[in-house]
Trainee: 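Starting off with a structure, shown below.
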Amino acid sequence: MSQTDHPTTAETDSTYREYVLGVRILEDSSVDGDARYRFEAPDHCGIEFDDTEDATLYADVYFDVNGFEEAGTGDRGVPPAIIQAGRDTLVAYFLTQPGIDVHWAASFYGEKPEKVHRYVSRVRKRAANIRDGVRERDLS
């Protein structure tokens, strides 16, 4: 994952996934032939990921906490909105960070990997419900 000031109009960019409220993930296939995935949202600095799993999980965390801004949190900081959201959201956020996997998160929290997967499932479900609610109310 890395922060980016990458312009969104590059010819190599394509939309990987479009969400409500101006949130999207772009695929940039110009980087050494390997695709990178850039999360973009209004008032967000933009973040790049190596794979779609991390990019979409990051988007789900973003919706789960009603948006957050990473600018100013430092290289190892966690945005306060994520910390306040609870363990499942924090675990999901950790999983989007470089070098963190399910086993690391399970060990850190003294849980089994299956419980980490349940945490992620809850975050993804809440995020999907939030997006569905936005669509139903035509707020996008």
Side-chain angles (χ1 to χ4, degrees):
M1 174 186 79
S2 63
Q3 305 231 7
T4 180
D5 291 323
H6 192 291
T8 60
T9 57
E11 291 181 21
T12 58
D13 289 349
S14 62
T15 301
Y16 173 76
R17 185 160 297 157
E18 189 87 28
Y19 296 99
V20 296
L21 303 174
V23 176
R24 64 187 181 164
I25 297 172
L26 297 177
E27 180 177 1
D28 180 359
S29 54
S30 70
V31 182
D32 301 330
D34 292 328
R36 301 268 302 159
Y37 300 89
R38 188 173 58 258
F39 170 86
E40 293 185 347
D43 302 320
H44 192 281
C45 58
I47 299 276
E48 288 187 352
F49 298 92
D50 292 331
D51 61 58
T52 58
E53 180 69 21
D54 288 345
T56 58
L57 182 56
Y58 188 91
D60 287 338
V61 169
Y62 185 84
F63 280 103
D64 187 33
V65 298
N66 197 26
F68 61 89
E69 179 61 56
E70 287 208 81
T73 59
D75 291 336
R76 295 177 48 150
V78 175
I82 292 171
I83 292 172
Q84 295 169 351
R87 180 178 283 193
D88 54 355
T89 304
L90 184 57
V91 167
Y93 176 79
F94 280 154
L95 290 173
T96 68
Q97 304 303 299
I100 305 297
D101 64 9
V102 169
H103 297 288
W104 181 95
S107 175
F108 183 79
Y109 281 105
E111 303 288 356
K112 294 184 178 184
E114 295 79 19
K115 187 152 191 179
V116 170
H117 289 293
R118 284 195 301 272
Y119 287 154
V120 169
S121 179
R122 284 186 223 151
V123 169
R124 288 195 182 277
K125 185 175 181 177
R126 282 195 307 266
N129 288 338
I130 290 166
R131 290 188 294 265
D132 289 345
V134 168
R135 282 186 209 98
E136 288 171 7
R137 291 169 186 81
D138 197 27
L139 300 173
S140 59

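Keep in mind it's a predicted model, so treat the numbers as computed, not measured.
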Trainee: In Å, rounded to the nearest 0.5 Å, how long is the span from CG of L57 to CZ of F94?
Mentor: 12.5 Å

Trainee: If you measure from CZ on R38 to CD1 on I25, what distance do you get to the nearest 0.5 Å?
Mentor: 11.0 Å

Trainee: With heavy-atom distances below 4.5 Å as the criterion, would you say the side chains of L90 and Y109 are in contact?
Mentor: yes

Trainee: Is the closest side-chain heavy-atom distance between P79 and E69 below 4.5 Å?
Mentor: no

Trainee: At their closest point, which heavy atom of A81 faces which heavy atom of G67, and how far apart are they?
Mentor: CB-O, 4.3 Å

Trainee: At what distance, to the nearest 0.5 angstrom, does NZ of K125 lie from CG of D88?
Mentor: 12.5 Å

Trainee: Can you tell me how far apart CG (D54) and CD1 (I47) are? Round to the nearest 0.5 Å.
Mentor: 11.5 Å

Trainee: How about T56 and Y16: do any of their side-chain heavy atoms sit closer than 4.5 Å?
Mentor: yes

Trainee: Between atom OG of S107 and atom NZ of K112, what is the distance when rounded to the nearest 0.5 Å?
Mentor: 14.0 Å

Trainee: Can you tell if the side chain of F68 reaches within under 4.5 Å of the side chain of V61, non-hydrogen atoms only?
Mentor: yes

Trainee: Evaluate the ring planes of F39 and H44, with Trp represented by its six-membered ring, and classify them as parallel (under 30°), tilted (30 to 60°) or perpendicular (over 60°).
Mentor: perpendicular

Trainee: Would you say the side chain of R131 lies within less than 4.5 Å of the side chain of V23, judging by non-hydrogen atoms?
Mentor: no

Trainee: If I compare all heavy atoms of P42 with all of G22, which pair ends up nearest, and what's the gap?
Mentor: CD-O, 3.5 Å

Trainee: Is it true that R87 and E111 have a side-chain N and a carboxylate O under 4.0 angstrom from each other?
Mentor: yes

Trainee: Do Y62 and Y19 come close enough that some side-chain heavy atom pair is under 4.5 Å?
Mentor: no

Trainee: So does Y93 get a backbone contact from the side chain of T96, meaning a donor-acceptor N/O pair under 3.5 Å?
Mentor: yes

Trainee: First locate atom CG of D64, then atom OG1 of T89, and finally report the distance between them rounded to the nearest 0.5 Å.
Mentor: 3.5 Å

Trainee: For R124, is there an ion pair with E53 - N to carboxylate O distance below 4.0 angstrom?
Mentor: yes

Trainee: Does any part of the side chain of V120, heavy atoms only, come nearer than 4.5 Å to the side chain of V102, both counted from C-beta?
Mentor: no

Trainee: Yes or no on side-chain contact (heavy atoms from CB on, under 4.5 Å) for F63 and V20, after CA distance, side-chain angles and deciding distance?
Mentor: CA-CA 10 Å; F63 280 103; V20 296; 3.8 Å; yes

